[in-house]
Amino acid sequence: MSKIITAGNPILKMKAEAVTVFDKKLKILLEDMKKTLYEADGVGLAAPQIAVSKRICVIDDGNGYEEYVNPVWTAEGTETDIDTEGCLSVPELYGEVERYKKVVIRYQDRRGKRKEKRAEGLLARCIQHEVDHLDGILFIEKALSLHKGVASHE
Ligand code: CO
C-alpha cells in the first residue's frame, strides 16, 4: 500500500506518461494501487495520486474492480449531469461537477490487451475524474461549487 499524495504536490499537476511496457513491475504497481484503493475506501485511484506519473487508474464503482491502463474516453451523446464528487487527494472537500452521462472507455488491461466498454452513472463519472488526474487536473478546478463535509453518494 502506498501513501496518497494531496493537492499542492506538483506531481498531481503533471501530465502522466503512457504505459508502453507491460511487465512484472506494472503488475506490482497495479496490485499496490488496488490495495491502496480499498484501504482508503475509495471508488477510484489514479497512479499520480501515489506519486507515479503514469496513465493508469483503478476503479471499483460497486459493480466490480477494473484496471484501466492508458484509458481514453469519448462522450456518447451530449447529455451531462451535475453531481457531488470527492477525491482521496483532496480530503474533506466536495463539490458539484458537470460530467457526461454516458461515455465509451478505451483502455488496456495489465497484459496490454486492448479493451472497450460503455459506461454510465458512477463509472462514467469516475473515469472522467480519473482521466483528469492523468492530465494533471483536480476536480476542485472544475467544480461549480465546493463545500466541506460528506458526499451524498460516498
Ligand atoms: Co481524485
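Counting from 1, the numbers follow the sequence of the chain as shown. Atoms within each ligand, like the ligands themselves, are counted from 1 in listed order.
Among residue pairs with one or both ends in residues 37-49, none qualify as salt bridge (Lys or Arg N to Asp or Glu O under 4.0 Å); sequence neighbours excluded.
A salt bridge between K13 and D135 is absent, with no side-chain N of the basic residue lying under 4.0 Å from a carboxylate O of the acidic one. At a threshold of 4.0 Å, the pair D109-R111 counts as salt-bridged, since one of the basic side-chain nitrogens sits closer than that to a carboxylate oxygen. The pair R125-E85 meets the salt-bridge criterion, since a charged nitrogen lies less than 4.0 angstrom from a carboxylate oxygen.
Checking each of D83, D132, D81 against R99 for a salt bridge (Lys or Arg N to Asp or Glu O under 4.0 Å) leaves exactly one that passes, namely D132.
A side-chain donor-acceptor contact under 3.5 Å links K117 and Y68.
Counting only protein atoms, the N, O or S atoms lying less than 2.8 Å from the Co ion (ligand 1) are C87 SG, H129 NE2, H133 NE2, ordered by chain and residue number.
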